[in-house]
S.K.: 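Quick one: structure below, then a few questions.
We count ligands from 1, going down the list as the structure has it; atoms in each ligand are counted the same way. These values consider heavy atoms only, across backbone and side chains, with no hydrogens, waters or symmetry-generated copies.
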Amino acid sequence: MVDTRSAEPRAMDLTRPAAARIYDSFLGGSHNFGVDREVVERIGGELPGIGESYWENRAFLRRAVEFMLAHGVRQFLDLGSGIPTIGPVHEIARRRTREFRVVYVENEPLTVAHSRPLLAAEPNATIIHDDLRAPDSVLRTSQVRQFLDLDRPIGLLMSAVLHFVPDTDRPAELVEAYRDALAPGSHLLISHLTDSHDPAAMQVLTGFYMESSDPMHPRGTSVVEKFFGDFEQVPPGPALLSDWRPEPGARDRPTYALLHGGVARKP
Ligand SMILES: C[S@@+](CC[C@H](N)C(=O)[O-])C[C@H]1O[C@@H](n2cnc3c(N)ncnc32)[C@H](O)[C@@H]1O
């Protein structure tokens with residue numbers, strides 16, 4: 001089943017911080033403004049060491065994409081991709097193969113505008129301006145159809161994005177619509193903010209994002225795990241991101257235990 005809802009287009013807002021640019025700033029990127037850097041500084045003041053959580057997510061994304069590549073996945077649909085710098089999916093893929101395709105999907109207009117020139121010289125990756133809350137639109141858009149063969153396995157990436165979808169937008173049904181559209185052998189990545197481990201820190205972070213154009217909705221780990229439906233979990237199964245297939249000699253856990261996720265395969 002593919003959901004046929006459409007989502008309201010999102011207006012460009014330069015007066016408030018945006019999730020994509022806050023993330024870029026924490027990663028040390030240059031695609032952010034004073035308003036973003038100001039909130040990043042205040043978040044860091046209240047939650048010293050919080051930058052480790054942004055890196056934790058990015059490192060998990062890399063390990064998970066490398067896992068999928070090692071298991072034959074060559075095409076990726078990255079929902080809520082942010083700005084594709086600092087280790088984006090197409091660069092991870094290119095390190096392994098030239099035979100890959102990546103479609104990035106973003107609903108934030110300036111993030112799309114920042115991304116297009118970065119991808120102009122990259123024939124195997126593109127970005128579409130769309131909203132993951134409209135799976136029918138995303139999956140049927142001509143760029144997705146031209147770039148990806150949905151009859152073959154894909155890597156569906158929902159990395160640090162579902163916590164921007166409120167319960168009123170029925171995230172479980174949205175993820176189900178995407179799961180249903182995938183071919184067997186496809187892999188689903190989810191990373192998600194959780195209030196299960198450190199609710200106090202999570203509350204502080206959520207408060208800061210209330211000032212942004214991207215309010216956050218952290219969820220309990222059991223809710224996040226249900227988003228995988230009946231897909232088969234890649235061992236070790238959903239975990240704190242730094243505990244998901246860590247590399248030998250990897251650093252210790254981040255200061256705050258805020259991110260939960262994993263990878264599962266469609267049988
Ligand atoms: C924290 S960033 C994560 C970037 C990247 N996925 C990663 O994990 O490294 C979340 C991104 O999701 C985007 N986003 C939020 N809600 C979205 C929606 N409904 N549809 C598409 N993109 C969305 C935001 O604009 C932001 O760029």
S.K.: Any pair with a residue in residues 222-236 that passes salt bridge (Lys or Arg N to Asp or Glu O under 4.0 Å), sequence neighbours left out, goes on the list, sorted by first then second residue, please.
M.R.: E232-R265

S.K.: Per the salt bridge (Lys or Arg N to Asp or Glu O under 4.0 Å) rule, what does the pair list look like for residues 206-215, sequence neighbours excluded?
M.R.: R10-D214, R42-E211

S.K.: Suppose we screen for side chain to side chain contact (heavy atoms under 4.5 Å, CB included). Which residues come up paired with D149, at least two apart in sequence or across chains?
M.R.: Q75, D151, R152

S.K.: Determine, for E247 against R62, whether the closest basic-nitrogen to carboxylate-oxygen distance falls under 4.0 angstrom.
M.R.: yes

S.K.: Say whether H163 and R219, considering side chains only, have a donor N or O and an acceptor N or O under 3.5 Å apart.
M.R.: no

S.K.: Using the ring of each side chain (for Trp, its six-membered ring), is Y209 parallel, tilted or perpendicular to F164, with breaks at 30° and 60°?
M.R.: tilted

S.K.: For ligand 1, would you mind listing the residues that have at least one heavy atom less than 4.0 Å away, ordered by chain and number?
M.R.: R10, A20, Y23, N57, R58, L61, G80, S81, G82, E106, N107, E108, D130, D131, L132, R133, S159, A160, V161, F164

